[in-house]
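Here the structure comes first, spelled out in structure tokens, and everything after it is commentary.
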Amino acid sequence: MSIIVKFVLQNIREKKMRTFLIIFAIMTSSALFFSSSAISDTMLRMYEDRYRKFFGSSEIIIYGNNKSPTPYLNIGKFKAFSNDTEYIEGVFETSALYSPNRNETVYISLVGADISTYQRMNPITFKSNTNLYPFEGKKIIISKNIAQKYNLSLGDSMELEVNGFRYKFYVSAICYPQGLFMDDGFSVHAIVPKETLSALYGERGKNTIILIKPKAGQNSNRLIEKISEEFNQYTVRESISLEEIKQNTKHLSLILTIVSTIVSIMSVFIIYTTSKIIVMEKLPFMSIFRSIGAEKRMVNIILILENTFYGVVGGILGCGLGIVILYIIALNSMHMGSSEFDIAIQFTPIQLIGAFLFALLLSLVSCIIPILQISNIAIKDMILRTSQDHQGVSGLRLLFGMVFIVSSLVIPIVNFLRFKLIVDIFCVILCAFGIILLIPYIVNIYVNILKKIYTFVFGNEGVLAVKNLRGNKNIFSNISLLTIGVSCLLMINTVDYSVIKEITNIYRGALFDVWITYIDDADRNTLLRIQRIEGVEDVSGINEARNIKIIDNSRNEIRSIQGVDCSKFNDFWDLNIYKQEEILERLNKGRNIILSETLKEKFKVEEGDFIILKMPRGNKAYKVIGSFHTVRNNGSIAFVSQRYLKADGAVNQYSNIYVKTYKDPNRIMETIQNQLRNMSLSINTVEEMERLDKESNRSFYNILRGFFIITMGIAVFGIFNNLIMNYMERKRYLAMYRAVGMSKDQILKMIFIEALSSGLIGGFTGILTGFIMMWQIRYIIGALGQSINIRFPLVSLHYYIIISVLIVVTASIIPAVKSSRLNIIESIKYE
Amino acid sequence: MDSIIETYELCKSYRMGCNEIEVLKDINMKINKGEFVSIMGSSGSGKSTLLYLLGGLDKPSSGSIKINGKGLSTMGDKKLSTMRRREVGFVFQFYNLIPNLNVEDNIMLPALLDGKKVEDLCSRLEEILDIVGLKDRRGHTPRELSGGQQQRVAIARALINEPNIIFADEPIGNLDSKTGIEIMELFKRINQYNGKTIIQVTHSNEAAKYGERTILMKDGRIGEVCLKR
């Protein structure tokens with residue numbers, strides 16, 4: 001046995017490049033496998049941390065709403081539930097304005113709390129403090145980041161505008177960015193004594209939010225029900241809905257799973273070809289082993305042992321790389337590049353072991369076919385090297401290829417309800433397999449076309465080169481790798497391009513300049529205040545009812561129903577609907593609704609049909625009078641007349657305000673911010689919002705692109721491998737060419753034309769496959785509840801072909817040089 | 001008679017580790033135009049090496065070779081390749097056909113490498129297919145042919161550019177005796193009716209008898225020359 005181990009280790013040591021390649025492929029695949037399996041948990045943890053920042057360890061929160069007699073809550077009223085709870089605490093939350101200098105105003109979320117009880121709920125760590133206890137009066141606790149940013153030290157005063165009045169608070173403690181002070185990149189928090197803050201509102205000792213942690217073993221949902229019954233005029237809910245977070249993270253996890261599957265398929269391909277090279281190279285030694293009495297089993301053990309080594313090393317490295325990739329994805333998906341948000345990646349030992357076993361399995365599965373092939377070779381053939389692969393393409397391959405592709409196109413049309421998404425993803429993979437099976441036939445078609453072109457362009461060497469592609473399994477592997485790589489890149493770029501186009505279209509339809517969102521308590525007076533600002537041309541406010549259910553189909557809901565001022569809407573939005581003005585007029589005349597095309601398709605309704613909405617003031621039937629295409633709110637958006645939404649939805653305040661200006665929108669934005677500084681809002685110019693949306697979209701697709709660039713990197717190695725393999729297998733034939741008079745230049749020319757042709761075929765087939773796959777992707781997007789008009793980035797298609805050609809031509813340099821230098825006699829006599 | 005191949009003090013040696021193995025030693029020989037010469041000798045006597053050197057597939061360690069009066073040692077790769085295409089033809093023991101090219105393509109290969117157009121080769125191809133008797137197999141790939149048929153394709157390939165010289169390295173070494181005789185008869189016809197000079201390396205006395213002259217090699221030297229009576 002030791003001789004076998006020695007032999008294996010010797011092989012690995014001698015073939016450093018090959019060892020690196022195979023380990024690299026296994027490592028990358030297992031890393032992607034690991035990151036796609038762990039991303040869900042990580043995202044879940046990160047979102048949870050984000051929410052925990054506000055709610056600490058509490059599981060239930062209670063706060064006032066429109067129905068509540070007062071937004072201020074007395075904690076004593078909740079003491080009845082103390083038997084079921086670990087704690088019931090209250091905080092007084094509000095916002096304040098802080099102007100560190102004349103030109104800057106910052107919103108600060110103030111949390112009024114008793115510091116000792118707050119520490120129990122949501123611990124914070126002090127970096128330094130002075131005179132903090134007793135925590136009362138005008139003391140304020142800020143984060144280290146804010147202290148650094150505004151040059152604040154212990155004892156410094158901060159003038160805050162609270163409830164319309166200015167008060168001086170003194171910095172009593174500076175905290176590390178943990179808990180409430182965790183930097184999320186957009187909110188600024190500070191803690192002040194609850195007694196002080198509530199007194200500023202004339203509600204001494206009261207709270208705006210009650211936070212509850214049920215006792216261990218207590219069912220929080222039952223407690224929520226219990227509290228809701230008694231406090232039915234208040235909102236009582238889970239502080240963090242893990243289900244909701246899971247829904248949010250599901251998509252990313254799913255997409256990464258698709259990517260990981262495709263990467264794994266490519267890796268199997270690459271490792272298979274590498275294993276084949278290893279087996280081919282070992283054939284002479286194997287024949288010696290076999291001829292002197294070694295059993296098949298022993299020869300197989302050598303090969304399996306070597307691949308096990310690759311699997312183990314690749315698996316261990318893959319787990320490490322997977323953690324790094326997971327971190328990068330988490331960082332990118334939270335869009336926290338510049339902030340100090342703590343990226344806490346989450347994974348289980350089982351996931352690590354899973355990735356390791358995946359690497360091992362990948363490595364062993366990929367070497368099984370070459371091992372089976374070698375164990376079937378007769379010893380005589382091994383010694384004389386007379387065994388030959390069965391060439392020729394079986395008709396079954398054509399049949400299966402066609403069946404796979406046709407099925408992958410037809411199946412998505414059928415609705416498998418809850419399995420639809422999985423079925424659609426399966427179809428993408430099925431399509432990829434179908435194409436791989438058809439590659440030999442596709443190559444034959446290209447060969448017939450290229451033959452005619454090359455006669456004129458490259459002469460006889462060109463024709464010979466293109467004929468060499470036929471029946472060449474290594475070239476087929478290369479073309480398959482390129483096809484899958486290119487089609488996946490095209491797929492990602494197409495979706496990205498389409499989404500960017502959709503975003504552009506949204507903002508192109510926005511005929512205003514400044515967009516105010518997430519505004520609290522905005523009414524007609526707010527609109528008038530904005531209207532009066534110099535430079536403001538017109539203002540329009542939008543009421544909004546969110547998450548409105550459709551009756552008869554409880555699974556469906558509309559995320560946002562917007563009540564529009566029909567007389568003005570036309571001046572603010574171009575929805576690209578035929579006769580928009582006319583439709584808006586009709587919208588105003590009754591309970592009419594304009595649905596997004598996504599919703600229209602989802603509800604399976606046509607113009608003239610009625611849908612019944614479960615509105616806060618009862619079920620109301622709305623008539624569908626039109627539809628428009630948009631990806632806003634993921635397409636879950638509808639417009640009704642403002643007056644009906646006010647009446648049925650009980651929404652009197654504006655959630656969105658559109659502002660038109662004839663001046664610089666940035667200036668107007670600043671002025672509005674100053675005018676409405678006592679209100680909580682989010683404001684931006686339309687131009688900036690478009691830029692931010694595109695950037696956020698880009699960063700998501702960059703993750704996917706990153707994955708595929710890594711995969712293409714493996715593919716390049718795979719292609720290089722295949723070409724070396726091709727050279728090894730064809731050495732004899734290349735020598736024959738030389739023997740019958742092919743010069744070195746001609747052989748170089750022929751090999752580079754072969755590479756060029758492989759690149760062209762791979763590139764073109766990849767583009768074609770990408771187009772076909774977009775059919776399934778369209779359904780996947782639909783199954784994810786979104787609707788995007790797919791637009792192919794046609795102007796950049798040539799890049800895919802150029803990249804494919806460059807990859808193969810570059811990878812061909814070494815085999816080409818080797819081919820031109822080969823010893824004719826040695827190759828003919830001894831190969 | 002005009003000599004078509006001449007060698008002067010031709011030597012070939014290989015390095016094997018620290019040792020230098022002399023495969024050919026001072027070979028001086030002349031082969032006349034239209035001759036059918038057989039080279040025989042035991043394994044390792046240097047007969048195949050001599051054949052490859054004559055055909056420009058390998059370079060001598062010293063000495064010189066002239067083919068049609070032109071010295072091979074002064075030729076670069078391009079000229080040497082052209083010489084291999086136009087002036088000589090090779091037939092190997094294991095046929096050495098290109099597996100993914102059909103019979104026609106394999107036969108036309110040297111002409112295509114020489115830049116000739118397929119349409120200009122049609123009549124020549126017909127003529128050669130007729131000579132080797134493979135008209136009905138023209139569209140087949142090598143793996144669809146028997147050993148004898150593959151060797152006929154190799155012979156046809158050697159003839160396509162109408163070279164004056166054909167080198168054959170154990171042309172029937174991989175064939176059964178009946179097919180071997182057929183192939184040798186074909187060589188004989190090519191020699192007699194087409195006037196080609198044929199130099200074959202063989203282990204078979206029967207095959208050697210087809211030559212007008214047999215050169216016997218021993219330990220890298222020409223030992224004996226037997227003339228056919």
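Order of the sequence lines fixes the chain letters, A, B, ..., with proteins taken first and strands second; residue numbering starts at 1 for each chain. Quick caveat, the model's predicted, so the values are computed rather than measured.
- Considering only heavy atoms from C-beta on, B/L109 comes within 4.5 Å of A/L464 through its side chain.
- Note on residues 96-105 of chain B: pairs passing side chain to side chain donor-acceptor pair (under 3.5 Å), not counting sequence neighbours, are A/K467-B/D105, A/N468-B/N100, A/R732-B/N96, B/E104-B/R138.
- A distance of 4.5 Å separates OH in A/Y737 from CG in B/L101, rounded to the nearest 0.5 Å.
- The candidate with the highest count of non-hydrogen atom pairs below 4.5 Å against chain A, out of B/G55, B/P99, B/G56, is B/P99.
- When the shell of 6.0 Å around NZ of B/K218 is examined, it contains 12 or fewer heavy atoms from other residues, nucleotides or ligands.
- When side chains are defined from C-beta on, B/L113 counts as touching A/V740, because their heavy atoms get closer than 4.5 Å.
- The local environment of CZ in A/R821 is sparse, with at most 12 non-hydrogen atoms from other residues, nucleotides or ligands closer than 6.0 Å.
- Counting non-hydrogen atoms of other residues, nucleotides and ligands closer than 6.0 Å to CD1 of B/I21 gives a total above 12.
- Looking at every heavy atom in both residues, A/Y733 comes nearest to B/I98 through O-CD1, 3.6 Å.
- Heavy-atom neighbours of B/K135 NZ from other residues, nucleotides or ligands within 6.0 Å: above the threshold of 12.
- The number of heavy atoms from other shown groups lying within 6.0 Å of OH (A/Y727) is above 12.
- For chain A, the nearby part of B/R157 is the side chain; its heavy atoms alone come within less than 4.5 Å.
- Counting heavy atoms from C-beta outward, B/S81 and A/R738 have side chains that approach closer than 4.5 Å.
- Heavy-atom distances place no part of B/L80 under 4.5 Å from chain A, backbone and side chain included.
- Among all heavy-atom pairs drawn from A/A739 and B/F90, the shortest one is O-CD1, 4.0 Å.
- Around the CZ atom of A/F752, the shell of radius 6.0 Å holds more than 12 heavy atoms that belong to other residues, nucleotides or ligands.
- Using modelled atom types, one side-chain atom of A/N460 and one backbone atom of B/K116 make a donor-acceptor pair closer than 3.5 Å.
- Using a 4.5 Å heavy-atom threshold, the side chains of A/I824 and B/R84 count as touching.
- To the nearest 0.5 angstrom, B/K78 atom NZ is 13.0 Å from A/K744 atom NZ.
- For the atom pair A/Q746 CD and B/R85 CZ, the distance stands at 4.5 Å (nearest 0.5 Å).
- Residue A/F400 qualifies as open at atom CZ: its count of foreign heavy atoms under 6.0 Å is 12 or below.
- Judged as a side-chain contact (heavy atoms from CB on, under 4.5 Å), and not counting sequence neighbours, the contacts of A/A465 are A/M750, A/I753, A/E754.
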